[in-house]
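One structure below.
So you know, we letter chains A, B, ... as the sequences are listed, proteins then strands, and number each from 1.
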Amino acid sequence: MTTSSDSFDALYRAHAPSALRRARRLLGSDADAGEVVHDVFLSLFERPEQYAGKSSMTTFIYSAVTHACLNRIRNGRTRLKLVQANASTLVPSAGPGLSAEELAVLHAELVALPEPLGQVAVYRYVDELTHDEIARILGCSRRHVGDLLERIESRALAKKEDAACEA
Amino acid sequence: MRSLSRPEGCISDFAFDELHAGELEVEARRELEAHLDGCARCRARGQALSRERAALLVAAPDLASLSPARARRSPSRTLVAAGTVLAAAAAVLLLVVPKGEQPRSELRSKGAPRLGMVVKRGERTFRVESGARARAGDLVRFTYSSDAARHLAILGLDARAAQVYYPTHAGAGGRALRVHAGSDTALDFSVELDATAGDEQLYGLFCDEPVALEPVRAELERERVLPALRGCDVDRLVLHKEPTP
């Protein structure tokens with residue numbers, strides 16, 4: 001990849017819409033999603049070497065946006081606060097996606113998951129990707145993706161059983 | 001977790017995105033197009049994504065302006081978040097250095113890794129140097145510069161306690177997190193300054209190894225001095241926190 005303005009502009013126009021769509025769906029906030037997309041592409045412009053060319057640019061952007069969104073979701077659980085101009089709380093996306101309640105549940109689930117389970121959960125349950133597609137983004141085997149999904153399901157099941165016992 | 005809404009065998013948004021980007025191999029593209037011929041659901045989804053993409057591109061700026069040098073000169077219209085504070089490079093940066101105090105950056109050795117700070121106060125965003133005055137409620141965002149990939153941590157020490165600000169989540173296992181080489185690279189979090197008045201010392205640890213941070217934090221809080229850390233370069237900044245007027 002080169003860093004010329006023309007090629008970067010083309011790259012941005014090809015990939016920014018999908019990046020923004022995903023960030024909106026994950027974060028539930030247009031402002032936060034815009035920041036994530038801007039930061040991801042600015043970082044890529046400044047350090048193009050981070051894209052090694054071993055996968056498609058779509059997989060690279062998916063991965064970068066997922067990391068950035070997960071960081072924001074996790075930071076929201078600490079005393080650290082995200083830089084936001086307008087909203088102090090998450091606002092449901094106007095586009096097709098999750099309701100505010102679904103978003104809150106999703107964020108709680110993602111915060112509880114260690115890496116790389118958080119990423120895998122996003123790809124499977126938010127993006128609804130196939131095991132093969134997730135494996136390509138993560139750069140691992142389909143079997144490994146299956147194992148990771150089993151771990152996520154096991155944790156969810158254990159949590160459900162714990163809740164049932166407490167009730 | 002949630003159940004899937006996309007029927008088995010139907011095309012994911014990811015595949016549509018790769019198709020749009022021209023990244024699908026010939027065989028994969030043929031398979032996808034064959035599926036589209038027979039699946040009304042996927043045709044509708046593909047059309048919806050195209051409309052969404054087109055609508056976004058109409059609103060999008062000419063992002064040749066993402067060149068950092070140009071972005072620093074003007075707060076260019078951004079993708080969607082007009083008025084939103086963006087990464088440091090996209091903001092109008094106002095250097096605030098109290099008179100009579102030498103910016104710490106001038107004291108550092110050349111080539112040493114260093115931290116930077118950008119403060120958001122209300123609608124204003126400005127870069128600050130070590131020794132600057134800050135207020136409760138200010139949001140501080142950090143940048144770093146390092147010639148090589150290192151393991152980075154940022155700790156803060158005020159009159160009350162020491163805290164690890166970065167990494168910001170448990171996923172890092174309480175250890176310094178590897179970062180790439182970069183110049184003035186913005187970190188994806190900010191710290192809201194609390195009402196504890198006085199100096200807040202900020203330590204950027206650039207280490208060869210992912211050092212465990214809790215022992216460092218505990219000793220910093222107890223001794224009020226950062227312990228010696230083998231294999232780490234340390235950059236120290238100070239913010240003088242004032243009560244909100």
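Salt bridge status for A/Glu153 with A/Arg124: absent, with no side-chain N to carboxylate O gap under 4.0 Å. At a threshold of 4.0 Å, the pair B/Arg217-B/Glu214 counts as salt-bridged, since one of the basic side-chain nitrogens sits closer than that to a carboxylate oxygen.
For chain B, the nearby parts of A/Thr130 are the backbone and the side chain; heavy atoms of each come within less than 4.5 Å. Heavy atoms of B/Glu18 lying under 4.5 Å from chain A belong to its backbone as well as its side chain. Only the side chain of A/His15 comes within less than 4.5 Å of a heavy atom of chain B; its backbone N, CA, C and O stay farther away. Heavy-atom distances place the side chain of A/Ile137, and not its backbone, under 4.5 Å from chain B.
In A/Arg142, the CZ atom is not crowded: 12 or fewer heavy atoms of neighbouring residues, nucleotides or ligands sit closer than 6.0 Å. Sparse packing is recorded around CZ of A/Arg151, with 12 or fewer heavy atoms of other residues, nucleotides or ligands lying under 6.0 Å away. Within 6.0 Å of CZ in B/Arg29 there are 12 or fewer heavy atoms belonging to other residues, nucleotides or ligands.
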> Would B/Arg53 and A/Ser18 count as a side chain to side chain donor-acceptor pair (under 3.5 Å) if you check the C-alpha gap in whole Å, the side-chain angles of each, and the deciding distance to 0.1 Å?
Replying inline: CA-CA 7 Å; B/Arg53 192 176 288 116; A/Ser18 60; 5.9 Å; no

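For the pairing with B/Asp138, the side chain to side chain donor-acceptor pair (under 3.5 Å) check across B/Arg121, B/Lys120, B/Lys241 returns one residue only, B/Arg121. If you run side-chain contact (heavy atoms from CB on, under 4.5 Å) between A/Leu110 and each of A/Leu117, A/Val126, A/Val122, only A/Val122 comes through.
Contacts of residues 9-17 of chain B with chain A at a heavy-atom distance below 4.5 Å involve B/Ser12, B/Asp13, B/Phe14, B/Ala15, B/Asp17, listed in sequence order.
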